[in-house]
K.L.:
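Sharing a structure, written as C-alpha cells. Questions coming.
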Amino acid sequence: MTVKRDYYDILGVAKSASHQEIEQAYRKLAIQHHPDRVPPEKKNEAREKFKEITEAYAVLSDSNKRSQYDQFGHAGIDGRYTQEDIFRGVDFSSIFENMGFGGGGSSHFEDIFEIFGGGRRSRQPRPQRGDDIEYSLQITLEEAYNGTEKTMQFYNTETCPACKGTGAKSGTGMKKCPTCHGTGQQSAGFGGFFTFSQTCSKCYGRGEIIESPCGECRGRGKVKKGEKLTVKIPPGVDNGTGIVIRGRGEAGELGGPQGDLYVVTHVQSHPMFERHGDNLYIATKIPYPTMCLGGEATVSTIDGFVKLTIPPGTQPDKVFRLRDKGMPNIHSSRKGDLYVKVEVDVPTKLDGKQKTILQELKKTFEK
Ligand SMILES: [Zn+2]
Ligand SMILES: [Zn+2]
C-alpha cells in the first residue's frame with residue numbers, strides 16, 4: 001500500500017496558503033498534468049497524477065475538509081468521507097472556465113469523477129420516488145381558531161394503467177438508443193480539449209428507448225389524476241403551517257413510491273382582529289363617560305363576547321390584556337392572549353338632551 005502524500009506538498013503550497021494560492025497552484029498543475037495533454041503511453045500515469053492533485057485541491061479548497069485535514073491528517077478525511085464525498089460540492093467550473101476549457105460541457109463533480117474512471121455512478125435506471133406536491137389552502141381566522149375539515153381538489157399523477165408505467169405501447173418493447181448506441185453515455189468536452197462522458201440526453205442513461213410510446217401517457221409512464229381529499233386542520237394553524245399527507249404526491253418512476261402532498265395553510269386577514277403568533281389584537285370604542293367614570297364594556301373575542309372592566313379615568317388608547325383569549329397554540333394546550341385597545345368614542349350626532357348635558361359639563365371645565 002502506498003503512503004498518501006501530504007496535500008500541501010502535492011500542490012506545492014505552504015500550510016498557511018490562502019484559498020486563492022491553492023486555486024492558482026491547482027490550476028497550474030492541472031494544465032501540466034492533464035491526461036489529454038500527454039502521449040498515450042503516459043496517460044495512465046497522468047491520470048493518477050491528475051487525480052492526486054484534484055483530490056488535494058478538493059480537500060484544501062473546502063474550509064471544513066481543510067480543517068479536518070489540518071487537525072487529523074489523511075485519517076481525518078478518509079475516515080469521514082467517501083471518495084465521492086471528497087469531490088462533491090467542489091466548484092470546478094470556475095477553475096476550468098478560467099483555464100480556457102470553455103465551449104460547452106459542464107464540469108460538475110460527476111464529470112470530473114468520470115475522468116478518474118470512478119465507477120460509483122450507477123447507470124441503471126432505479127426506482128425513483130415521485131415528486132412532492134404543494135397545495136395552498138385558504139382558511140379564515142375562525143377556522144384556524146376552531147380547527148376545521150377542508151375538502152381539496154387537485155391533480156397528481158398515477159402510474160399509467162395502460163402500460164403499467166413502462167411508457168411503451170402494449171405489445172411493443174424497448175430498442176437500443178440511437179444517440180448513444182446503447183451505452184447510456186455521450187462524450188462531451190471542454191472545447192474538444194478535455195473530454196469526458198456524460199449521461200445520454202436522449203435515453204437518460206438507460207441505453208434504450210421506447211420503440212413505440214403508449215398512447216395513454218405518450219410514453220411518460222404516468223397519467224394525470226384528479227384527487228379529492230378531505231384534510232383535518234388542527235386548531236392554531238398559522239400562515240405557512242404545513243401538513244404532510246404521505247403518498248398523495250406525484251407517482252414514482254419504475255415502481256418507486258409516490259411523493260407526498262404538502263398542504264400549506266394561508267389564514268385570511270380578518271376585518272376585526274390582527275394576529276401576531278398566538279396573540280390577537282383588537283381596537284374597541286368606549287363612550288367618553290365610561291372612560292371617565294369607569295364601567296363595563298362588551299368586547300368581541302374570536303368566539304364570542306366578553307365583559308371588560310374599565311377603571312375610572314382610563315386614558316384613550318390604553319391596552320388591556322385578556323389572558324387566554326387569543327389563538328390556541330398548535331403545539332400545546334396553551335392559548336395566546338387578546339389585547340384590547342380602548343379608543344374614545346366621540347359621537348357625531350347628539351340629541352337635544354345630550355347636547356344640554358354636555359353644555360353644562362363644558363361649563364364646569366371652563367371655570
Ligand atoms: Zn402508458
Ligand atoms: Zn442514449
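As a basis for the values below, the full set of heavy atoms in this structure was taken, side chains included, without hydrogen atoms, waters or symmetry mates. Computed from a predicted structure; not experimentally measured. Along the sequence shown, the residues carry numbers beginning at 1. Ligands are counted one by one from 1 in listed order, and the atoms in each one are counted from 1 as well.
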K.L.:
Identify whether NZ of Lys or CZ of Arg in K28 sits under 6.0 Å from the centre of the six-membered ring of Y26 and within 45° of that ring's axis.
P.N.:
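Not satisfied by the 6.0 Å and 45° rule.
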K.L.:
Establish, yes or no, whether a centroid distance under 6.0 Å links the rings of Y281 and F273.
P.N.:
no
K.L.:
When you draw lines from the Zn ion (ligand 2) to SG of C180 and to SG of C203, what angle lies between them, to the nearest 10°?
P.N.:
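Here the angle at the metal atom is close to 110°, to 10°.
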K.L.:
Which atom names give the shortest non-hydrogen contact between I330 and T241, and what distance separates them?
P.N.:
CD1-CG2, 4.0 Å
K.L.:
Check whether any N, O or S atom of H181 sits under 2.8 Å from the Zn ion (ligand 2).
P.N.:
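Here the distance criterion (N, O or S atom, under 2.8 Å) is not met by H181, so no.
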K.L.:
What residues, two or more places apart in sequence or in another chain, satisfy salt bridge (Lys or Arg N to Asp or Glu O under 4.0 Å) together with D345?
P.N.:
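By the salt bridge (Lys or Arg N to Asp or Glu O under 4.0 Å) rule, D345 matches no residue at all.
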K.L.:
What angle, to the nearest 10°, do the atoms SG (C160) and SG (C163) form about the Zn ion (ligand 1)?
P.N.:
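It comes to 110°.
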